[in-house]
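To find a chain, count down the sequence lines: A is the first, B the second, and so on, and within it residues start at 1. Computation of the quantities below employed the complete heavy-atom set of this structure, encompassing side-chain atoms and omitting hydrogens, waters and symmetry-equivalent molecules. Note that the coordinates shown come from a computational prediction; the quantities given were computed from them, not determined experimentally.
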Number of protein chains: 2
Amino acid sequence: MSEETRATQPRSASDVGGWDDAADVVIVGIGGAGACAAIEARLAGASVLALERFGGPGGTTAASDGMMYFGGGTALQKACGFEDTPDDMFDYLMAACGPDPDPELIEPYCEYSVEHFHWLCEQGVPWKPSFFPGGHFPESDDGLVFSGNERVHPFRDLAAPVPRGHVPRTRGPAGGLLMQKLTAAAIGAGARLQASERCEALVLEDDGRVVGVMLGSGSGERFVEARRGVVLSTGGFIWNDEMLRQYAPQLLRCQHRVGTPSDDGSGIRMGMAAGGATLGLDSGDVLLPLYPPAALKRGLLVDRHGQRFINEDAYHGRIGEFALDACDGDVWMIIDSSIDERPQNTPAPIAAVEDTIADLESALGMPTGGLQSTLSAYNAAAQRGRDPLFEKAAEFVAPLVSPPYAALDLRMESAHYGAFTLGGLQIDAWGRVRASGGDPVPGLFAAGRAASGVAKRGYSSGLSLGDSSFFGRRAGRKAAASE
Amino acid sequence: MSEETRATQPRSASDVGGWDDAADVVIVGIGGAGACAAIEARLAGASVLALERFGGPGGTTAASDGMMYFGGGTALQKACGFEDTPDDMFDYLMAACGPDPDPELIEPYCEYSVEHFHWLCEQGVPWKPSFFPGGHFPESDDGLVFSGNERVHPFRDLAAPVPRGHVPRTRGPAGGLLMQKLTAAAIGAGARLQASERCEALVLEDDGRVVGVMLGSGSGERFVEARRGVVLSTGGFIWNDEMLRQYAPQLLRCQHRVGTPSDDGSGIRMGMAAGGATLGLDSGDVLLPLYPPAALKRGLLVDRHGQRFINEDAYHGRIGEFALDACDGDVWMIIDSSIDERPQNTPAPIAAVEDTIADLESALGMPTGGLQSTLSAYNAAAQRGRDPLFEKAAEFVAPLVSPPYAALDLRMESAHYGAFTLGGLQIDAWGRVRASGGDPVPGLFAAGRAASGVAKRGYSSGLSLGDSSFFGRRAGRKAAASE
C-alpha cells in the first residue's frame, strides 16, 4: 500500500490503553481553517491542541496569494465606493458556485461576511482601501478587485456586479502574512500549537462518536483525547494522484497543482473512514491564467472545430473549466497583429502565423470552414461593437482584421492549467461532518478544503480562504460548545 | 434518516450470537450479475445462497431490452458475416469507455468475450443470426446491431467498425427471457435462491474480513454466514435521489430513470461502509433517443448559441452526454421540410417554424447570427457531401435549404433524457472489491452496476448486461475458490 493511501481506518477507543495528551478541542492541520478554529474554540472557553504534520503552521494558506472573498458591504468595499448587500452576494454565489450549490452554507457566509471581515481586521490583518480596476488579481498593492465573474456575462445580469476579492496589504503574496497574524492570534488566545505531529487515525467510541486522534505509528503511536471534538482542517487532495485517479481524473491533466504537498487528502480519508459523507469529490477548480495582459480578452478562444465556446473576458477559472469540460482541453486563442501580446502567467506557444484565416485554419489542422465561419460571424457583429453569441463586454469587442493572424496554443499539454480540488467531507453550516444519512458524525468537524465548501463547482478567487476561515471559526466555536 | 440512506454500517462478527443460515458464497441481489455469480460459484463446488429483496429474481436485467455487448468474433458475428478480433474490440472500448477507462477490466472482457457468448448460449439463451443495419437497437427480431459509436466519427477511425450488440431472440424486450434462463440455470446447478430477503448490512471480523450478512432489522434480524465470500450484485443508484444529489446531481435533471427501484445503491453503500473504494460515482449514461427515424440524422443539433456540438449520427448515449455536459442541456434540432419526421422515443415539441433561418434564430431567442452562420457553413460543405467540422457520415449529409425550417425542442425539460449510473465499488478483474489502498477487501466481491465496470464514462448499449454477466461469473468463481 502506498504512502499516500495508507490506512486511515479509525481506532477503537476500547483499544486505547491510555491517553498521552488531551484537550477539549483537537485540531488536525494548521492552515487558515485550523488557525481560525483554534482561535474561536479557545475564545469559547475550550482548551485547544492544534496539530500540524509539517515543520510549522501554514499549510496551503501560507503559500497562497492571501485573497479572500468577502462582501455584503464590508468596510473595504465602502471605502472604495462600492455598495453591496448580503442578498446581492448570495445571488451571485448561488449563480456562480453551481450547478446546485448549497444555500445552507452560502446563506450564513453572505449574511455574516461583513462581521467576518471585521474579525480578520481585529486579528491584525491590514488592507489598503483602494480598488484595482483590472481582473482577476491586483497587479498592484490595491486591496479590492473583481476576483470572479461578477461583471461578465451571464452573471452581470443575475446580480449587481460588485468587487469582492479582498487582498491583505503586504509585499508579494499575502498568504504568509495572513498565517502569521492568525497563528499569533491563536497562540495569544492560549491555544497549544504543535508542529511535526502527524495524525494517522481518528479514535472512535463503539457508538461512532469521535473522541480523539492517534499520532505517529507503530511503536511511536500516541493517543490524544478530544473531549469535545476533533476539527479536520487538513486541506484538499490535489497532491494525491491515487485519489485524483479515483475521484477526479480530469485534474491529472493539469500541469500545475495549486496547493502544497499537505493537500494529500489525509483528513478526508480519515473522515470517510469514520462514517463521514463526501460531496463533489469529482469537482475541482481549473484555471487557465490567460490574463494579464487584458488586451488578450480581445482575442477569440476556439475549440478544435474552430468554434468559440465562451466569452473571453470570463474569469480564468471559468475559462479553464469550459476548456477542459466542454472542449476536452483542446483550445487555441486567435489574435491578429493589433493584439501583439502573450499571457504573462502561462506558456502559450505560437502554433501558427498566417496571412489569412483560411491558411491559419489549415495550419492548425482544423476542419475546413469552421474557423473561417467563426471569424466572419464575429467580425460582422464586432463592427457594431457587439458579441451577440457570447456577450463579451463591449470594451473587448473589435473585429480581428489585421493580418497576420496567429494562434496561441492553449492545449493542456502546452499551457499551464492550474488545478485544485473542491470536494471533501460534507459539512453543515456549523462545520459538523455529516454521515450519509444527514445526521452529524458526533464529535467530528471539518473546514477548508478538507470539506466541500461554498464553491461546489464554479469558483471565484478568494472563496477557499474565505470559506476556510469562515467555517473554520464556526467549527471551532461549535466544537467548543459540544458535550 | 430516510429509508434510502438508512444505516449500512457493518456489524461486528463478535456481536453475532449465532448464524441462522450459512453458505460458502452468499449473493446479494439476483439480477443478471447475481444469477451468473450463483451459477459459476455452484459449478465451482461451493454451496450458494442468493438473496433477493423483491418478490423474485430479475432486478433491472429483467426490465431491460436484454442487449449484451459481445465481440472478438462470436458465433453470431460470424453467422452474420462480420469479422472481429479481441484486439479491435479492445481498441474500440478503450476509446469509447473513457476518458481513462480501466484496461484491467476491458482486457479480459474482450479476450474472453467469445467464450462468454458461448456460455450464454449454453444456458439456453437463443439468438437469431441476422443483422439489423440501422442503429442503435433492432426494430425487428434481428440478433446483431451496431449498438454504440463503432461506425461514427471519431471511433470509426480508431478501430475497425464491427457490430457487437447481441439481442436474445424473443417477442418484446428480451431481459425477462434472459433472467428466466439464468435463474433456471442457477437453480439447476443447485444454488438456493430466496426472494423477499432484504440484506441490511455486512458482517465483518475485527480484521475487516467480510464473513456474512445481516437480514431484516430490529427483532427480525437474522445472520447468514458466508464461509468463502459475499457477492454484492445489487444494481446502481439511479433510484436514490440522495445519493444522486451527493455524487451525480446532473443526472437528477434527466426525466427518465433507466432502471428499477432496486437501483437504490444499497450494495454500494454496504460495500463502502466495509472499506470498499468507489470509482466514478459522478458518472452516468445519459441517453437522448433521437432515432429512429434515421432521417433525423440529417438534421442539425445546435446549442443555445446556435452552434453545432456533435456529429448527429452519434450513438444516443454520446449525444445525451454532450447535450448535458457541453451544452448544459439546452439543445435543439434544426430540420427543413425535406425532413418531415419526429423522434419515436422522446417528445420533441416543435419550438418554432419559420421561412428563414434568421427568423428561426430570432423565434428561438438565440443570439443574432449564430444559427445563420452555422447553417451557411454547413450547407456550403454539404453541397459537396462533406461535414468537415463534425464528420457526420456522408449518407446523412445534405444541405438544409427547403423552407420552412423547424426547431425541435430537445432541452432537458422537454425531451425524455434517460439516465443510469455507471459508478460503483472498485473491483479488480475477478470482481474483488478494492479497499482505498488497492488491496482487496477480504471476502467481498461485486459485479454489475453495484461496481464500476467496463464503461467508466462513455457508453455503448449492451455493456451493462455484458459486464454484469461477465464479472458476475468471475466473482462467483473467485468467491467459490476463496479460503
**Q** Under 4.5 Å from any heavy atom of chain A, what part of B:Asp325 do you find: side chain, backbone, both or neither?
**A** neither

**Q** In terms of heavy-atom proximity below 4.5 Å to chain A, should B:Ala380 be classed as side chain, backbone, both, or neither?
**A** neither

**Q** Under 4.5 Å heavy-atom distance to chain B, tell me which part of A:Ala277 shows up: side chain, backbone, both or neither.
**A** both

**Q** Would you find a donor on one side and an acceptor on the other, under 3.5 Å apart, between the side chain of A:Gln307 and the backbone of B:Gln307?
**A** no

**Q** Considering only heavy atoms, which portion of B:Gln426 lies under 4.5 Å from any heavy atom of chain A: side chain, backbone, both, or neither?
**A** side chain

**Q** I need the residue from A:Ser452, A:Pro388, A:Ala326 with the largest number of non-hydrogen atom pairs under 4.5 Å to chain B.
**A** A:Pro388

**Q** I'd like to know which of A:Asp328, A:Leu281, A:Thr278 tops the heavy-atom pair count under 4.5 Å against chain B.
**A** A:Thr278

**Q** Just so I understand: if I count every heavy-atom pair under 4.5 Å between each of A:Arg304, A:Lys456, A:Met366, A:Arg308 and chain B, which residue has the most?
**A** A:Arg308

**Q** What distance separates A:Asp100 CG from B:Leu244 CG, expressed to the nearest 0.5 Å?
**A** 11.0 Å

**Q** Top residue by heavy-atom pair count (under 4.5 Å) with chain B, among A:Asp303, A:Asp387, A:Leu252, A:Leu279?
**A** A:Leu279

**Q** Rounded to the nearest 0.5 Å, how far does CG of A:Leu389 lie from OG of B:Ser373?
**A** 8.0 Å

**Q** Could you tell me which of A:Pro367, A:Ser376, A:Gly208, A:Gly306 has the largest number of non-hydrogen atom pairs under 4.5 Å with chain B?
**A** A:Pro367

**Q** Under a 4.5 Å heavy-atom cutoff, which of B:Met272, B:His305, B:Glu391 has the most pairs with chain A?
**A** B:His305

